[in-house]
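What's counted below: heavy atoms across the whole structure, side chains too, no hydrogens, waters or symmetry copies. Counting convention: from 1, in listed order, for ligands and their atoms alike.
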Amino acid sequence: MNKPPRALLPLGGTLLAFDAAATRRLEARAAAPGPQPSLLMERAGLSAARLARALCPGAQQVSVLCGPGNNGGDGWVAAWHLHRWGVAVTAHALGGESRTSDHRAAMARARAAGVPISNEPQPSAQAELVLDALLGIGLRSAPAGELAHCLRALGQHPARKLALDLPSGLEADTGRDWGAAACTDTLTFLSAKPGLFTGAGRALAGRVWLDELGASFGGEPAVAELASSALLASWRALSPRAQSSHATHKGRQGDLWVLGGAMPGAALLAARAGLHAGAGRVYLDGRLEADSLQPELILRALPAEGPPVGSCLVAGCGWGEGQADRLAELLERNQHLVLDADALNSLAADASLRARLQQRAGRGARTILTPHPLEAARLLQTAVAEVQADRLRCAQALAQELNCTVLLKGSGTVAASPGQRPLINTTGHGALASAGTGDVLAGWLGGLWAQAPSADPQRLAALAAVWHGLAADQLPLGSAPLPASQLVQRMHQLHP
Ligand SMILES: NC(=O)C1=CN([C@@H]2O[C@H](COP(=O)(O)OP(=O)(O)OC[C@H]3O[C@@H](n4cnc5c(N)ncnc54)[C@H](OP(=O)(O)O)[C@@H]3O)[C@@H](O)[C@H]2O)[C@@H](O)CC1
Ligand SMILES: [K+]
């Protein structure tokens, strides 16, 4: 007997994500000499029928949209079970001829058992629950014709929607949306797929459930680690305050410098964030006389020789243009550098700055870039849509090319470093889409790094993103945007 599926979000511990190729290798291993793939389909379909009944116990009408491959096969098995249990279910046979023998067998059994079958490319108007089993990991391009029509109809249908394996049209490895309908729940099989957690995944998948179908991924390489609130607990092991809570002083908690520019508010937010993250002393070079709301900040011009060794510097927030010369010096001098916003745009515009950045790691200097998708697109000299279509690959490519750590922001923020397995943040939602929240993230990250200079930059960047997202998770989905200064306060309350 399989374990019941478990809800993945909010994720408590860590979880590895596997791509479609690894999932198929697992299927092949399970096929010989042990259970047949059809056994996995039996388990998948049964699990889907059970979850459907649990999610919508009183549903009088259920539509199951079945595509031509094994994803559709899972749908036929689920429809068969629901029919046997007395639920009024209609299975829709869509996408042309059966592509697989398991699909054919599952459809034939449902037909023989008297499951009502329709060729209508849309769910029944009365359906209270729709199972989306059109396409899974076999998706290879944008659905067209009948499948595209059906997905549009599904998107407009008011029913609760349960996607099997993936919302049909969402790419498993990337989170690219080829025209999927947003579902209320997704029951994914065998493995957590990265595409459910980044790009369009979070918006399309709704609540994500995982049923491993009794299989194990031992030995398969994971493509990403899903980062959760568990990472926050790891801060206690890194924080100097946690090591010595009595005999300590501000000089032992790390120094953070924030270098602002034309728009002082951005650097101010970053500096306040660094202070609340716990840095012992925060220096702000930001064209400001004083911050009456945050008098703890030390307003001081950055010395010509750069900040003292051992401190961390955050640069780029609200810079405006014309700071490229300054950036060249920073890249030469500072050991721990977080570059955000206009510093990233300066890098994108100047190959000699990128060359200086590439050389930093060779002399032991560390850099974390915190681009949003447009900044990442500029750095990669591509379009935003290309970045969003494969965020994992783009973050890794940028990290590799520039020889540093990259925190690619957006839904499912990705932390990547050369030669390391990337992390995808699973916290946060649209309440963070407000002016200044990126400055807060950069400053918070700098504040953490100032305290823990020997921490792994990739994990530290992911930790900052998790922390940032957890502050939003305290608010319900769809709530008003969180003003950046309030975000700082909320993040402070989450100190482990
Ligand atoms: N792996 C496992 O261990 C297990 C897998 N299981 C389930 O199987 C699913 C994978 O099944 P799958 O490989 O048959 O592919 P699936 O997603 O059903 O696509 C079907 C066919 O659609 C076609 N097609 C593709 N794109 C298209 C487009 N844009 N527009 C139109 N057609 C398009 C393409 O056929 P083609 O046109 O190339 O001949 C493709 O072959 C997986 O997600 C999970 O639900 C479970 O049973 C448990 C064990
Ligand atoms: K599906």
Side-chain angles (χ1 to χ4, degrees), residues 2 5 18-32 34-49 51-52 63-78 92-107 121 123 130-151 154 161-173 176-193 195-196 201 204-206 208-217 220:
N2 274 349
F18 295 88
D19 63 10
T23 307
R24 289 197 187 284
R25 283 194 296 275
L26 181 69
E27 176 192 34
R29 271 215 310 272
Q36 298 302 304
S38 55
L39 177 60
L40 293 181
M41 185 182 281
E42 293 286 14
R43 288 179 178 168
L46 176 59
S47 182
L51 184 60
S63 284
V64 185
L65 308 174
C66 301
N70 284 343
N71 192 250
D74 297 344
W76 285 105
V77 176
H92 295 247
L94 301 168
E97 292 296 303
S98 273
R99 302 294 204 283
T100 71
S101 54
D102 285 346
H103 174 277
R104 255 190 304 282
M107 182 162 74
V130 183
L131 271 57
D132 167 10
L134 293 170
L135 295 163
I137 60 173
L139 175 82
R140 49 173 172 68
S141 58
E146 186 180 61
L147 292 182
H149 174 91
C150 189
L151 286 171
L154 179 61
K161 295 156 200 170
L162 170 61
L164 305 200
D165 210 16
L166 294 153
S168 300
L170 177 71
E171 201 168 83
D173 291 353
R176 179 173 189 169
D177 178 17
W178 292 93
C183 290
T184 26
D185 292 85
T186 295
L187 171 59
T188 200
F189 302 123
L190 294 168
S191 65
K193 285 108 187 145
L196 289 167
L204 290 172
V208 181
W209 304 75
L210 171 66
D211 192 328
E212 284 146 341
L213 307 180
S216 139
F217 263 84
E220 282 295 342

Tell me the contacting part of [X] for ligand 1: side chain, backbone, both, or neither, using a 4.0 Å heavy-atom threshold, strictly below.
X	result
Arg24	side chain
Leu147	side chain
Asp74	side chain
Asn71	both
Arg140	both
Leu26	neither
Leu190	side chain

N/O/S atom of [X] under 3.4 Å from the K ion (ligand 2), yes or no?
X	answer
Gly67	no
Leu164	yes
Gly75	no

Can you tell me if Asp102 uses its side chain to pair, donor with acceptor, with the backbone of Asn70 under 3.5 Å? no
Under the 3.5 angstrom rule, does the side chain of Lys193 hit a backbone N or O of Leu166 as a donor-acceptor pair? no
O (Leu135) - the K ion (ligand 2) - O (Leu166) angle, nearest 10°: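 Reported to 10°, the angle equals 90°.
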If you have a sec, read the angle at the K ion (ligand 2) from Ser168 atom OG over to Asn71 atom OD1, to 10 degrees. 100°
Given His92, which partner from the list Ser63, Pro121, Cys66 fulfils the side chain to side chain contact (heavy atoms under 4.5 Å, CB included) test?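 Single side chain to side chain contact (heavy atoms under 4.5 Å, CB included) partner of His92 among Ser63, Pro121, Cys66: Ser63.
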Within a distance under 4.0 Å of any heavy atom of Ala142, pick out the atoms of ligand 1 and give their elements. 29 (N)
Run the numbers for me: atoms of ligand 1, each under 4.0 Å from some heavy atom of Gly136, listed by number.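 That gives atoms 16 (P), 17 (O), 43 (O) of ligand 1.
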For the K ion (ligand 2), the closest N/O/S atom belonging to Asp132: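 The nearest such atom is O.
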Can you tell me if [X] contacts ligand 1 (heavy atom of the residue under 4.0 Å from the ligand)?
X	value
Ser141	yes
Leu135	yes
Pro143	yes

Indicate yes or no: at least one non-hydrogen side-chain atom of Pro143 is less than 4.5 angstrom from one of Leu134.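 No, every pair of side-chain atoms sits at 4.5 Å or beyond.
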